[in-house]
Amino acid sequence: MMRIIHYLNQFFGGIGGEDQAEYPLTVTPGPLGPGRLLADKISDTATIVATIVCGDNTAQYSPEHIKAEIAGLIEQYAADALVAGPAFSSGRYGLACAEAAEAAQFEEIKAVVGMHPDNPGVNLCPADVLIVESGASAVDMMASVMRVSAVLNRLAKNEALSPDELKSCIKRDIRVNVFSAENGAQRAVDMLLAKIHGKSYVSEQLSPHFPRVDPAPPIEVPLSKIALVSTGGLVPKGNPDRLESSDATKWVSYSIAGRASLNPEDFECIHGGIDVTHINNYPNRLIPLDICSEFRAKGLIGALDDEYYVTVGNLTPVARCEQFAIEITAKLREKSVTGVILTSS
Amino acid sequence: MYQANAPQAHLGAAHKLELCNYAVRELRLGDETNWSDGVLTVNPDELKKHIIAEAGVRRVGIAVARPGESTRIVNILDAIEPRAKPGDGQIFPGFLGAMDGTVGRGQTHALNGCAVMVCGSVPGEVASQVVSEAMVDMSGPGARYSPFSKTLNLILWCDFYDDQGPVKRVSVARYAGLVAARFIGATTFEKPPDEIRTYEIPERNSTLKNKTPHLVYICPGMLLSDLHQTFLSGSALTSTPTVVHPTQLMDGILVSGNSDIGATRNPTYFYQRNPIVEALFAHQDKGLLAFAGIIVTKCLIEGFSGKQRSAYLAAQTAKLLDADGVIISIEECGHAYADLMLTCQACEEMGIKTVLLMAESAGATGAKPGPIAFAEAADAVISMGNMDELISLPPVDVILGGQWSCGRWMIDNMALEAMETPLTNIFAANCQLGPGRLTGETR
């Protein structure tokens, strides 16, 4: 029998909702919640030896620590495989599942994760982790668990996935470097001649899937509390938190309390993908505190958040940006912000 | 009648270039500077004096790096093929020569298989831009990725005056490289070449013009700051497209001044011996197409309207050159791909078929989603490979160009030691002028 360790968030672990998002990582022997359903479907080939439950915020605050703890539990329970989720389209839960999968990879055991294709966790899962497609919400729990169980039964028996089971796994589109026979320029001319003569050719790069973001419903601006958020890399002079000029690993926030404008003596732009001269001459060009203060004085907007939030978008992976967005949004909700002015570089 | 160009009347009306190739099979330092029967000998003292007098560097170290050696070259700023023009011919116009009717015409002598490689440490920032690492391993696993691990390289290791800031440093180093390239190229004068290749675009009523598709090459070069730029006949590129003759590239009308991400730089070497130009001429020689010209413009243009302006002006220019198809290369990555995609879209809208060359930034695991911009019309894209792939480099015996490798991506690695690095640090590993065979596959 294959020994499985199962990762759940606080909600599916039966602890509570958003109010329990800080719940610490705990472990219980045997299956819990959706794990009970899963255990029933794989009872011939595998057993769930333990269930890890962790609050979604806890998993985001110290990912390295959480990964180490999960790795330790994999060893303690001598697990052969880790199952995480299904996380559906829940962003923070998906990111936590990706962390759990990384821990499994570190321990060199198999990992199966359940997620909706639009979950930002998909892109953070290690390349060889199987991500079984789930619906967008828990309404799809039964069908999602069935798909996960089919894949687990195959893994336990060391069998190849059937075509339907393969289809139920999210195609990762992992890009791999290979050497071709001809150089790029020759391939380009051959491809162009084929295209002009209506002959078949195979493009070497296809358009990535850009998820659509539906606009939020309009807000009552005079009653709103507005926050200023930017991917343009404006920081206090000297860059105290060492925000990276490209490939940012974090977002930061800085106080604008008592300021009506961002002056060039105190702020600078450290974005590495643009000429920053115009921003450094007048930082409000990037983060429009000057005009927002004016609007607030006139009563055109209700209130301004006393901090601005900033990262650098330059070459930063989309999945990480989505993670930053989730974290910043949680903070904005806490501060009852109802509208955001989001500026890029 | 006033005849400004009287000395060039001997070239006639034809716009063609005879490229005299002198193969370099061995490169060594010696007592004289001379090319003879495939052996290029360089007298380092003579070259040093020449460079220091002309270029304004403080000191320059000269060394040789050959394929297969346990040598790592770091802090590379540019690579140039040694070339010179006999008689009144002008090479590297705007830097060493004048822009006149000889540029791209007459004869040009080229030392084939050899590169002048300019290196130097350039710390500091200019408008938050820095000089990034670009390195070449002459053997081992890294050698598979850089085209310059296959050339015989003459290394100019530049040392600068303390009061020379980053912009001044890259500028004098660039000048040193060009001066050396012409100086060494001139060793071939009066000697018979190994091969003469004649390049010209077909005449108005030729069979090629009448029967085969007309292809244009759109070549955007990087311009982001004084540290990262491209020169057209000595002036920084603008976003207003300019038509140039393919043979003018061979005479150095485009010179790289880009010292950003090593893997996606367009070195001057690949403007002179441009892989796309070579492939277009090779197919033209087979009677498959008529090369109709090159459109040079800039990429990493600020603001969407600026990008759109350049894209549609370039497409309109291609249309006026009667293009059936265009190949579009690019430099750098990030929002340069918005320039690339808009230009593709504009051309396709005007009924011109396009093929693009583009590297990938798919993350170390290959799982990161594709570029920030991708037009629906971009249905024929060549991949120059994923620049984020990590490779492990072994320790080496010899280091040239600096003791430390201090790129933006990799702070303070001892350059001699073993290291893990993304391809981004490997010089021209993913160059989007198409010299490499690296590509990407989905798995």
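Letters go in sequence order (proteins before strands), and every chain restarts at 1. Remember, it's a predicted structure, so these values are computed and weren't measured experimentally.
- With a 4.5 angstrom heavy-atom cutoff, B:Ala362 touches chain A only via side-chain atoms.
- Checking side-chain atoms of B:Thr439 against main-chain N and O of A:Val178 turns up no donor-acceptor pair under 3.5 Å.
- Closest of all the heavy-atom pairs between A:Leu193 and B:Leu288 is CD2-O, 3.8 Å.
- In this structure, the portions of B:Thr354 lying under 4.5 Å from any heavy atom of chain A include both its backbone and its side chain.
- A:Ala194 does not touch chain B: none of its heavy atoms, backbone or side chain, sits under 4.5 Å away.
- Looking at B:Leu423, only its side chain comes within 4.5 Å of chain A, counting heavy atoms on both sides.
- When every heavy atom of B:His283 is checked against every heavy atom of A:Asp190, the shortest pair comes out as NE2-OD1, 2.7 Å.
- Only the backbone of A:His271 has a heavy atom closer than 4.5 Å to any heavy atom of chain B.
- Residue A:Arg187 comes nearest to B:Gly436 through the heavy atom pair NH1-O, 4.0 Å, listed as atom of the first residue, atom of the second, then distance.
- Judged by distance alone, the side chain of B:Gln129 and the main-chain N or O of A:Gly272 form a donor-acceptor pair under 3.5 Å.
- The contact between B:Pro435 and chain A is made entirely by backbone atoms, counting heavy-atom distances below 4.5 Å.
- B:Leu357 touches chain A through its side chain: at least one heavy atom from C-beta onward sits under 4.5 Å away, while N, CA, C and O do not.
- Rounding to the nearest 0.5 Å places NE2 of B:His335 at 10.5 Å from OG of A:Ser344.
- Contact annotation: the side chain of A:Lys195 approaches that of B:Asp379 to within less than 4.5 Å [non-hydrogen atoms, C-beta and beyond].
- Of the listed residues (B:Ala279, B:Gly334, B:Ala282), the one with the most heavy-atom contacts under 4.5 Å to chain A is B:Ala279.
- Within 6.0 Å of atom NZ in A:Lys167, 12 or fewer heavy atoms from other residues, nucleotides or ligands are found, so the atom counts as exposed in its surroundings.
- Heavy atoms closer than 4.5 Å to chain B are found in both the backbone and the side chain of A:Leu192.
- For B:Cys431, no part lies near chain A; criterion is any non-hydrogen pair under 4.5 Å.
- A:Phe179 touches chain B through backbone and side chain together, each having a heavy atom under 4.5 Å away.
- Using modelled atom types, no side-chain atom of A:Asp275 and backbone atom of B:Ser225 make a donor-acceptor pair closer than 3.5 Å.
- Between the A:Glu204 side chain and the B:Ile382 main chain, no donor and acceptor come within less than 3.5 Å of each other.
- Across all non-hydrogen atoms, the minimal contact from B:Leu215 to A:Ile196 is CD2-CD1, 3.4 Å.
- Taking all atoms of both residues into account, the shortest heavy-atom contact from B:Val381 to A:Met191 is N-SD, 4.0 Å.
- For B:Ala364, no part sits under 4.5 Å from any heavy atom of chain A, backbone or side chain.
- More than 12 heavy-atom neighbours from other residues, nucleotides or ligands sit within 6.0 angstrom of NE2 on A:His197.
- Ranked by heavy-atom pairs shorter than 4.5 Å toward chain B, the options A:Cys125, A:Gly233, A:Ala185 are led by A:Ala185.
- Of the possible polar contacts, none joining the A:Glu182 side chain to the B:Arg437 backbone as a donor-acceptor pair under 3.5 Å is found.
- Within the 4.5 Å cutoff, side-chain heavy atoms of B:Leu289 are placed close to those of A:Val189.
- Using a 4.5 Å cut-off between heavy atoms, B:Val326 touches chain A through its backbone atoms (N, CA, C, O) alone.
- Among B:Asn274, B:Val277, B:Ile327, the residue making the largest number of heavy-atom pairs under 4.5 Å with chain A is B:Ile327.
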Please evaluate residues A:Val176 and B:Glu389 with respect to the criterion side chain to side chain contact (heavy atoms under 4.5 Å, CB included), reporting the C-alpha separation (whole Å), side-chain torsions for both, the decisive distance (0.1 Å), and the verdict. CA-CA 8 Å; A:Val176 181; B:Glu389 187 190 330; over 6 Å; no
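- To the nearest 0.5 Å, atoms CD (B:Glu441) and OG (A:Ser180) are separated by 10.0 Å.
- Between the OG atom of A:Ser246 and the CD1 atom of B:Ile261 there is a distance of 7.5 Å, given to the nearest 0.5 Å.
- In this structure a side-chain-to-backbone donor-acceptor pair under 3.5 Å is missing from A:Arg175 to B:Ser361.
- At a 4.5 Å heavy-atom cutoff, the contact between B:Glu302 and chain A is made by side-chain atoms alone.
- Looking at B:Pro371, the atoms closer than 4.5 Å to chain A (heavy atoms on both sides) sit in the backbone and in the side chain alike.
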How far apart are the C-alpha atoms of A:Ile174 and B:Thr442, what are their side-chain angles, what is the distance that settles it, and do they pass the side chain to side chain contact (heavy atoms under 4.5 Å, CB included) test? CA-CA 6 Å; A:Ile174 301 293; B:Thr442 298; over 6 Å; no
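- Looking only at heavy-atom pairs under 4.5 Å with chain B, the residue among A:Val202, A:Leu124, A:Val122, A:Leu206 that has the most is A:Leu206.
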